[in-house]
Amino acid sequence: MSVALGIPTARTAAPGGTTGLTPGAEPGAAPGTTHAETHVGRHAALPADRPSGPAASALLDRFGRTATDLRISLTDRCNLRCTYCMPAEGLPFLPPPALLTRDEITRLARIAVTEFGVRQIRFTGGEPLLRKDLVDIVRDVAALDPRPEISLTTNAIGLASRAQALADAGLDRINVSLDSVHPETFAAITRRPFLSRVLAGIDAVSAAGLVQTKINTVLMPGVNDDQAVELLEWALAGGHQLRFIEQMALDADRTWERDTMITAAQIRERLSTRYVLTPHDAPRDGAPAELFQVRDRTAATAAADPTATATDGPTATSDGPTATSDGPAAIADLATTTDGRMLGLVGIIASVSEPFCSDCRRTRLTAEGGVRSCLFSHDETDLLGPMRAGASDQVVADLWRTAMWGKPAGHEMNAVGFAQPERTMSAIGG
């Protein structure tokens, strides 16, 4: 069934219950008006050969996008209280019986892989390490055929003691949320003094043999936005890929404002005081992060002009573009004038200022088994109720397809009248 979202509650549905989502229908629109038609002018025009109904296979939407990346939230609980996510006092959490069980998670993952062709599965939360059966869940999903790539997004508290077991179970990669390497700033953001435990968890990931660890960072004005260069320096030194994420309207305190958030252009500007960024030439392939090659500005400038010094400022040449230009093209032009050694990669996820909705390939399951076609959806389709009532895999798959067929063209955070979802990131799962 389709439900309006507020404080999380347990939900059930009769077997074979409808989703409440009519393919092509826009809630509140006049009869016969489709979502696509309602949003023309705010998003790219639809192709002339756009599909006319849910596909018999795959997770296709009306805009021709196919979801191949599944995010599964394992719990809405978290042991941090990050200011951009949860209130200081926390939120009401779901009772354990309302959560997907290990077997239900494996079943849904199997349907996604075998029926829809999903290639990537990421476990999220809340904080997924709070699931005592996490290692077993990873092992179950790693045994699927075909085997998906399996990753985990975590705050890394408790990871030090479990990293090796997760790697042995089949986990391929870990994303760690970390907004500062300063204990005081970390405590101010998370409302918990656990930085040392997070850093120990990151070290344990490398010791366990997992590679390509990604560090997810949200910059906030007046809090940690002056630490961007330092964070990147730290990540490069540790062999990690730092990814800056624009703050999104998913906080419980409703303090997010479009005009005060740190944008991708501002992130690039801050990094340019120390580094030269060159857009990576690998295909983005639907990934949320735009990748940049990173070179040290002083070394790169010296390589391009041996007479230049570090005090010459961010301008690459006397008449060339500056690193404070707003767009990636300007950064690319700057980088072509230098040949300094590449230090690594950095990613920027510009969900708000440079949205990538037109190539979104994600589908999401909440901890209680609800399909969300978009992070900013105001409703979701329940799969857990029908599953527990005896629905077949085919019925579950059809409910899931119909839910994704109703995926909107974009999140509309930049639109006048944008309404923030009732549920926060911790309750949705990233």
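All values below were derived from every heavy atom in this structure, side-chain atoms included, with hydrogens, water molecules and symmetry-related copies excluded.
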Tell me every residue that passes side chain to side chain donor-acceptor pair (under 3.5 Å) with Arg162, counting only those two or more places apart in sequence or in another chain.
none

With sequence neighbours excluded, residues passing ring pair (Phe, Tyr, Trp, His ring centres under 6.0 Å) with Phe186:
none

Exercise: identify the closest heavy-atom pair between [X] and [Y]:
X	Y	value
Ala187	Pro193	CB-CA, 4.4 Å
Leu343	Asp296	CD1-N, 3.7 Å
Leu99	Leu74	CD1-O, 4.3 Å

Got a sec, which residues hit side chain to side chain contact (heavy atoms under 4.5 Å, CB included) with Arg139, two or more places apart in sequence or on another chain?
Val135, Asp136, Ala169

Is any side-chain heavy atom of [X] less than 4.5 Å from a side-chain heavy atom of [Y]?
X	Y	answer
His240	Ile202	yes
Cys360	Lys407	yes
Trp234	Glu230	no
Asp179	Gln227	no

Going through the checks in order, is the side-chain contact (heavy atoms from CB on, under 4.5 Å) test met by Tyr275 and Leu236?
CA-CA 12 Å; Tyr275 299 106; Leu236 292 169; 4.1 Å; yes

Cation-pi between Arg197 and Phe194: NZ/CZ under 6.0 Å from ring centre and within 45° of the ring axis?
yes

Is the shortest side-chain N to carboxylate O distance from Arg284 to Asp359 below 4.0 Å?
no

Does a sphere of radius 6.0 Å around CD in Gln212 hold more than 12 heavy atoms from other residues, nucleotides or ligands, not counting ones at 6.0 Å or beyond?
no

Any luck finding a side-chain donor-acceptor pair between Gln394 and Ser392 under 3.5 Å?
no

Between Thr154 and Glu127: side-chain donor-acceptor atoms closer than 3.5 Å:
yes

Short question: side chain of Arg361, backbone of Asp285 - any donor-acceptor pair under 3.5 Å?
yes

